[in-house]
Amino acid sequence: MTRVIRDYTPADETSWLRCRVLSFLDTPYFDDVDQTKPQIPPPGFELVATDDSGAVLGAMDVTVDDGLATIDTVAVHPDHQHRGHGRALLAEARARARALGLNALDAWTRDHPDTLRWYRAMGFTESSHYLHVYAHHYTEPGEADRAVRSRLPGLRPMAAFLHADLEEEERLRAEFSRVHVCRRFTLPL
């Protein structure tokens with residue numbers, strides 16, 4: 001099999017979506033599902049790693065805003081992980097970000113051991129942290145109600161996604177089933 005790193009095209013969308021969903025399935029991002037691929041406006045860029053048939057093996061989307069490059073999506077299909085596809089996508093992303101005159105590449109991710117290990121192995125350093133808190137009625141009845149104290153008449157919260165300061169971690173873990181530390185990683189270019 002020959003790997004090709006190239007720009008994403010609209011014809012890749014279905015394969016890109018499948019790759020992303022399957023790669024996120026066993027991670028804290030398991031419910032971050034899109035039905036269409038989010039668009040990355042220029043000067044950001046969208047990369048895919050494909051095989052001989054054109055199937056997407058991996059994907060990396062990088063946004064560029066106010067001189068800051070940030071990995072929006074990095075995903076490698078589970079059947080093709082640990083074969084260098086993520087590393088190859090990152091190498092191309094670094095080259096493109098440098099060509100834009102940028103000096104660092106950022107990424108935000110949750111507390112998944114394999115993901116954290118990959119970022120560290122690629123040379124990223126960790127800095128900022130905050131919490132992602134999920135409150136969901138079907139996880140535990142009453143969780144969403146506890147998260148939303150003030151409600152509009154006739155509306156009952158069923159799920160909520162919230163951000164919180166890291167200092168609140170112990171209290172929030174005692175109150176909610178799903179709390180993740182979201183970490184910022186930076187890679188100098």
Side-chain angles (χ1 to χ4, degrees), residues 16-17 19-41 43-46 59-76 86 89-90 93 97 102-189:
W16 185 97
L17 289 166
C19 175
R20 186 176 183 275
V21 165
L22 291 173
S23 74
F24 284 17
L25 192 57
D26 291 324
T27 75
Y29 284 101
F30 67 87
D31 55 355
D32 188 2
V33 176
D34 292 316
Q35 292 184 310
T36 59
K37 183 188 177 307
Q39 299 301 303
I40 305 298
F45 47 90
E46 304 157 300
M60 185 172 289
D61 289 353
V62 176
T63 60
V64 177
D65 188 28
D66 289 331
L68 179 63
T70 302
I71 295 175
D72 184 70
T73 293
V74 59
V76 176
L89 286 162
L90 179 60
L102 304 171
N103 59 15
L105 182 60
D106 274 6
W108 288 89
T109 193
R110 295 185 188 144
D111 46 5
H112 182 254
D114 291 342
T115 303
L116 299 176
R117 195 170 17 261
W118 184 82
Y119 277 112
R120 290 173 181 137
M122 296 300 106
F124 284 81
T125 57
E126 191 173 336
S127 58
S128 305
H129 305 84
Y130 69 97
L131 299 176
H132 283 178
V133 179
Y134 287 84
H136 203 287
H137 174 78
Y138 296 113
T139 300
E140 179 191 317
E143 249 193 11
D145 286 322
R146 287 194 310 273
V148 181
R149 304 278 186 222
S150 176
R151 290 184 269 170
L152 296 173
L155 294 178
R156 180 170 176 237
M158 298 302 290
F161 171 57
L162 309 122
H163 288 187
D165 292 332
L166 196 60
E167 294 78 29
E168 298 294 322
E169 183 175 11
E170 185 177 339
R171 179 182 66 81
L172 292 171
R173 286 192 187 278
E175 194 169 345
F176 298 100
S177 301
R178 191 169 165 210
V179 177
H180 300 284
V181 175
C182 188
R183 302 161 190 268
R184 179 183 183 190
F185 283 90
T186 303
L187 179 66
L189 299 173

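Atom set for the values below is all heavy atoms of this structure, side chains included, hydrogens, waters and symmetry mates excluded. Residue numbers start at 1 and run along the sequence shown. Here the structure is a predicted model, which means the values were calculated and not measured.
When side chains are defined from C-beta on, Leu116 counts as touching Thr109, because their heavy atoms get closer than 4.5 Å. Residues Pro188 and Asn103 form no side-chain contact, since every pair of their non-hydrogen atoms from C-beta on lies 4.5 Å or further apart. You'll find the side chain of Leu102 stays beyond 4.5 Å of the side chain of Leu68, heavy atoms only. Under the 4.5 Å side-chain criterion, counting only non-hydrogen atoms from C-beta, Phe124 is in contact with Leu90. Contact annotation: the side chain of Val133 never approaches that of Phe161 to less than 4.5 Å [non-hydrogen atoms, C-beta and beyond].
A distance of 4.5 Å separates OG in Ser128 from CH2 in Trp108, rounded to the nearest 0.5 Å. Atom NE2 of His180 is separated from atom CG of Leu172 by 12.5 Å, given to the nearest 0.5 angstrom. Here the straight-line distance linking atom CE of Met60 with atom CD1 of Ile71 works out to 4.0 Å at 0.5 Å rounding. Within the model, atoms OG1 of Thr125 and OH of Tyr119 stand 13.0 Å from one another, a figure rounded to the nearest 0.5 Å. For the atom pair NE2 (His129) and CD (Glu169), the distance works out to 10.0 Å, reported to the nearest 0.5 Å. Note that CD of Glu168 is 12.5 Å distant from CG of Leu162, once rounded to the nearest 0.5 Å.
When all heavy atoms of Ala59 and Leu89 are compared, the pair lying nearest together is N-CD1, 3.5 Å. Closest of all the heavy-atom pairs between Ala160 and Val148 is CB-CG2, 4.4 Å. The minimum heavy-atom distance between Ile40 and Val62, with the atom names listed, is CG2-O, 3.2 Å. Residue Val179 comes nearest to Arg173 through the heavy atom pair O-NH1, 2.9 Å, listed as atom of the first residue, atom of the second, then distance. The heavy-atom pair separating Ala75 from Ser23 by the smallest distance is CB-OG, 3.0 Å. Between Ala159 and Ala144, the shortest heavy-atom contact is N-CB, 3.9 Å.
Listed for the Thr27 side chain is a donor-acceptor partner under 3.5 Å among the backbone atoms of Tyr29. A donor-acceptor pair under 3.5 Å links the side-chain atoms of Arg20 to the main chain of Asp32, judged by distance alone.
Tyr138 and His136 have their aromatic ring centers within a separation under 6.0 angstrom. The six-membered or imidazole ring of Phe30 lies away from that of Phe24, with a centre-to-centre distance of 6.0 Å or more. Taking the ring centroids of Trp118 and Phe185, they lie at or beyond the 6.0 Å cut-off.
Under the 30°/60° scheme for interplanar angles, the aromatic rings of Tyr130 and His163 are found to be tilted.
Sorted by first and then second residue, the salt bridge (charged side-chain N to carboxylate O under 4.0 Å, His left out) pairs with a member in residues 112-141 read Asp114-Arg117, Arg120-Glu126, Glu126-Arg183, Glu140-Arg146; sequence neighbours excluded.
Using a cutoff of 4.0 Å between basic side-chain nitrogens and carboxylate oxygens, Glu46 and Lys37 are scored as salt-bridged.
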Kindly indicate, with the supporting measurements, whether the criterion side-chain hydrogen bond (donor to acceptor under 3.5 Å, both in side chains) is fulfilled by Thr186 and Asp106. CA-CA 4 Å; Thr186 303; Asp106 274 6; 2.8 Å; yes

